[in-house]
Protein chains: 2
Amino acid sequence: MGAGSRYDNEVLSALRRGDRFRSCQEVHALIADARGGPARPPSLSTVYRTLHRLAREGEVDAIHSEEGERLYRRCATSSHHHLLCRACGRAREVPHAREVRAVLARVERLTGFAELSYSLEFSGVCPDCD
Amino acid sequence: MGAGSRYDNEVLSALRRGDRFRSCQEVHALIADARGGPARPPSLSTVYRTLHRLAREGEVDAIHSEEGERLYRRCATSSHHHLLCRACGRAREVPHAREVRAVLARVERLTGFAELSYSLEFSGVCPDCD
DNA sequence: AAGGTTATGATAACCGTTTTCATTTTGACA
DNA sequence: TGTCAAAATGAAAACGGTTATCATAACCTT
């Protein structure tokens, strides 16, 4: 505990708006938008810090865009992959693929590597954009 | 053709030195080292440009490090995944996993997404480091 | 309310990468 | 081989996302 931010909820709720990965600056803008009136949004620094911490704590998922930008997303389940639409950028989760376990075991046996982990991301064109 | 660089060979041969992904600046340093004497190495700009182009042409593979840095590697086969050692950073290729095709087809059916592609990277601890 | 701890905001620093542009090299062709 | 246009190069500046800095503000705990 202790290491919480006053803005955790706003950051998380911004991430929940729309099913896509968002950059830190997008999150910052979303929060500013959500506050209609003269209310002061958190600074960019704070949003960076908050997202960084939430990612470290496992509260949000982080990936790198093709351009190297860091993108965040709030995820529902713990075991899943991401499927990004190349056209509209929306992302959905797909359930963890059982087959990957088999591949992992085979790679481990084949290579002698230990403590194998992996990252798997899908992309395609979603039904709406197709 | 036509769009080649005078330094393609040196860049590629630097990438072949050691089986690990290398940043652009590492490649630049490797080339400078390889030229013992007073010979002038290519500028950093040129190495950036060359690697960028080689990646676009599919001559080298590019990934992003955890910190967002772009890393390059010369790869032998066209269909493979990478297995990075978390301890020493060396990378080896593992043959393309047949199971992934099945997963891909299932995800396509399940989600209605078209033109699916994916990226799959493994990491672990190699036999030498274990 | 006092005092120490932690979070925040504004700004500067960082760092890898890209852009710019003047200069050099290259290649085609007479 | 000399000329000329097109392409590549180097040096430095610009860029963009991210992190560090530090003074100020908010937050406990007593």
Side-chain angles (χ1 to χ4, degrees), chain A residues 1-15 20-35 37-57 59-73 84 89 91, chain B residues 1-15 20-35 37-57 59-73 84 89 91:
Chain A
M1 54 184 70
S5 153
R6 184 163 34 163
Y7 297 106
D8 280 21
N9 285 335
E10 267 176 297
V11 168
L12 289 171
S13 111
L15 283 181
R20 58 170 68 230
F21 280 86
R22 318 223 87 135
S23 71
C24 186
Q25 314 212 16
E26 281 179 302
V27 170
H28 182 252
L30 283 169
I31 294 176
D33 284 356
R35 308 190 159 202
R40 257 265 240 51
S43 72
L44 200 49
S45 312
T46 297
V47 179
Y48 269 109
R49 278 187 286 239
T50 303
L51 283 170
H52 189 269
R53 179 175 43 79
L54 290 174
R56 183 162 35 81
E57 293 170 351
E59 291 298 309
V60 300
D61 280 13
I63 62 173
H64 278 102
S65 74
E66 211 52 48
E67 296 79 35
E69 197 178 22
R70 236 193 300 274
L71 304 177
Y72 299 92
R73 185 164 192 261
L84 276 85
Chain B
M1 52 189 64
S5 153
R6 183 162 37 161
Y7 297 107
D8 281 21
N9 286 335
E10 268 176 297
V11 168
L12 289 171
S13 112
L15 282 180
R20 57 170 68 228
F21 281 86
R22 319 224 85 135
S23 71
C24 186
Q25 315 214 15
E26 280 179 303
V27 170
H28 181 252
L30 283 168
I31 294 175
D33 283 357
R35 309 190 157 201
R40 256 264 239 59
S43 72
L44 201 47
S45 311
T46 296
V47 179
Y48 270 108
R49 279 187 284 238
T50 303
L51 282 171
H52 188 269
R53 178 177 43 80
L54 290 175
R56 182 161 36 81
E57 292 170 351
E59 290 299 308
V60 300
D61 280 14
I63 62 172
H64 278 102
S65 74
E66 209 53 48
E67 296 79 35
E69 200 178 17
R70 235 190 304 271
L71 303 178
Y72 299 91
R73 185 164 193 260
L84 276 86

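So that the names make sense, note that chain A is the first sequence line, chain B the second, and so on, each numbered from 1. No experiment lies behind these values; they were computed from the predicted model shown.
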Rounded to the nearest 0.5 Å, how far apart are [atom1] of [X] and [atom2] of [Y]?
X      : Y      : atom1 : atom2 : value
F21(A) : R70(A) : CZ    : CZ    : 13.5 Å
R40(B) : R35(B) : CZ    : CZ    : 9.5 Å
H52(B) : C24(B) : NE2   : SG    : 11.0 Å
Y7(A)  : S13(A) : OH    : OG    : 14.0 Å
R73(B) : L84(B) : CZ    : CG    : 8.0 Å

Indicate whether OP1 or OP2 belonging to dG9(C) is found under 4.0 Å from a side-chain N or O atom of T46(A).
yes

N/O to N/O distances under 3.5 Å, protein versus nucleotides 14-23 of chain D:
from	atom 1	to	atom 2	distance (Å)
dT18(D)	OP1	R70(A)	N	2.8
dT18(D)	OP2	Y48(A)	OH	2.9
dT18(D)	O3'	R70(A)	NH2	3.4
dT19(D)	OP1	R70(A)	NH2	3.1

Roughly, in whole Å, what's the span from [atom1] in [X] to [atom2] in [N]?
X      : N       : atom1 : atom2 : answer
R6(A)  : dT24(D) : CZ    : P     : 18 Å
F21(B) : dG16(C) : CZ    : C1'   : 18 Å
R40(A) : dT8(C)  : CZ    : P     : 12 Å
E26(B) : dC15(C) : CD    : C1'   : 15 Å
E10(A) : dT8(C)  : CD    : C1'   : 14 Å
E67(B) : dC14(C) : CD    : C1'   : 15 Å
H28(A) : dT8(C)  : NE2   : C1'   : 12 Å
I31(B) : dT9(D)  : CD1   : C1'   : 14 Å

Note, L15(A) side chain near L51(A) side chain (heavy atom, < 4.5 Å):
yes

Going by heavy atoms in the side chains, are D61(B) and Y72(B) under 4.5 Å from each other?
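Of all side-chain heavy-atom pairs linking Y72(B) with D61(B), none is under 4.5 Å.
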
As a test of your reading of the structure, name each stem of DNA chain D as range with range, where a stem is three or more consecutive Watson-Crick or G-U pairs at under 3.5 Å.
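In DNA chain D, stems of three or more pairs: C:1-30 with D:1-30.
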
Sorted by chain and residue number, the salt bridge (Lys or Arg N to Asp or Glu O under 4.0 Å) partners of E26(B) (sequence neighbours excluded) come out as none

Carboxylate-amine/guanidinium proximity below 4.0 Å for E59(A) and R53(A)
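Answer for the salt bridge query: no.
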
